[in-house]
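Take a look at the structure below.
Values below: all heavy atoms of this structure, side chains included; hydrogens, waters and symmetry mates excluded. Numbering of ligands and ligand atoms starts at 1, following listing order. Along the sequence shown, residues carry numbers from 1. Everything numeric here is computed off the predicted structure, so don't read it as measured data.
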Amino acid sequence: MPHDTDSEHNPAMKDNIFQQPLNKVSDFVFDQSVVRVFPDMIKRSVPGYATIIQMIGILTEQFAQADSTCYDLGCSLGAASLAMREHIHVPGCDIIAIDNSEPMVTDCRENLKKTPSQVEVDVRCTNIEELDIQNASIVVLNFTLQFIAPEQRQNIIETIYKGMLPGGLLILSEKIAFEDPQQEKLNVHMHHTFKRSNGYSELEVSQKRSALDNVLSPEPLKIHQQRIISAGFSSCDVWFQCFNFASMLVLK
Ligand code: GEK
């Protein structure tokens, strides 16, 4: 009898990482146990994630330039790369996908192999703090910059700006903070309510929050916009927001 023991590549694997009470909650890492449940985790944790991925595809049709490269920085399992790949219809346009988690990169490569495409995707295991960007028509930072220490973020945004072609698009999606404490409290509460409505228990929500405390630093939209404009980009605005999750379209 065929028996499916290969749960590692089963996209339907449920995230129960924080289900049991832990004596000590360690800092969150993108290891094999996270990779295994990642599609379920991100769908149940980030409001609007599927919409954002779909729109990355739609935006790619508009912004991918012939003989250029599209970058997916912090690519995880390659959802944004897959969306871009499906919508690149210009000649000579390829994709570079980068993540510094080895298990993510391994499974990302497997995912990309599942569907044939003429568009080449080069998946690299690298730290985006050591970024080399060249000839880019599109750069995607889909919930990745939030994991970089705030003091390193300006440098990364400047490196991206320098490597982008005129008319290029940066898609920056982030968990955000609010300057108004009332808004901060309400939006964090609504996000947690969203997670509870997706089946996470109060314990799971609170243990995950502790695990991310030292690892994920949300900033207010104003800080992102100032950083982007001071790097040289000509325009930046929010095209999607749900509670404390937002995505910006940034034009060179
Ligand atoms: C998606 N964009 O599905 N260098 C490279 N990668 C990094 C670094 C770094 N310094 N720090 C973190 N990462 C994806 C979702 S998830 C978002 C992005 C989330 C990687 C990390 O290994 C992980 O795969 C990804 O950034 C963040 O559209 O889990 O909330």
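- Cation-pi check for Lys208 over Phe18 is not met; the charged atom does not lie both under 6.0 angstrom from the ring centroid and within 45 degrees of its normal.
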For ligand 1, which of its N or O atoms have a protein N or O partner closer than 3.5 Å, and how long is each gap?
{"residue": "ligand 1", "atom": "2 (N)", "partner": "Gly74", "partner atom": "O", "Å": "2.7"}
{"residue": "ligand 1", "atom": "2 (N)", "partner": "Asn142", "partner atom": "O", "Å": "2.9"}
{"residue": "ligand 1", "atom": "3 (O)", "partner": "Tyr49", "partner atom": "OH", "Å": "2.5"}
{"residue": "ligand 1", "atom": "4 (N)", "partner": "Ile128", "partner atom": "N", "Å": "2.9"}
{"residue": "ligand 1", "atom": "6 (N)", "partner": "Asn100", "partner atom": "N", "Å": "3.2"}
{"residue": "ligand 1", "atom": "6 (N)", "partner": "Asn100", "partner atom": "OD1", "Å": "3.3"}
{"residue": "ligand 1", "atom": "10 (N)", "partner": "Asn127", "partner atom": "OD1", "Å": "2.8"}
{"residue": "ligand 1", "atom": "22 (O)", "partner": "Asp99", "partner atom": "OD1", "Å": "2.6"}
{"residue": "ligand 1", "atom": "24 (O)", "partner": "Ser76", "partner atom": "OG", "Å": "2.8"}
{"residue": "ligand 1", "atom": "24 (O)", "partner": "Asp99", "partner atom": "OD1", "Å": "3.4"}
{"residue": "ligand 1", "atom": "24 (O)", "partner": "Asp99", "partner atom": "OD2", "Å": "2.7"}
{"residue": "ligand 1", "atom": "28 (O)", "partner": "Asn142", "partner atom": "ND2", "Å": "2.9"}

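- Residue Arg109 qualifies as enclosed at atom CZ: its count of foreign heavy atoms under 6.0 Å is above 12.
- Taking the ring axis of Tyr161 as reference, the NZ or CZ atom of Lys252 stays within 45° of it and closer than 6.0 Å to the ring centre.
- Residue Glu120 places its CD atom among 12 or fewer non-hydrogen atoms of other residues, nucleotides or ligands, all under 6.0 Å distant.
- Applying side chain to side chain donor-acceptor pair (under 3.5 Å) to Glu219 and the options Arg227, Gln226, Gln146 leaves one that passes, Arg227.
- Without hydrogens or angle criteria, Ser101 side chain to Phe30 main chain gives a donor-acceptor distance under 3.5 Å.
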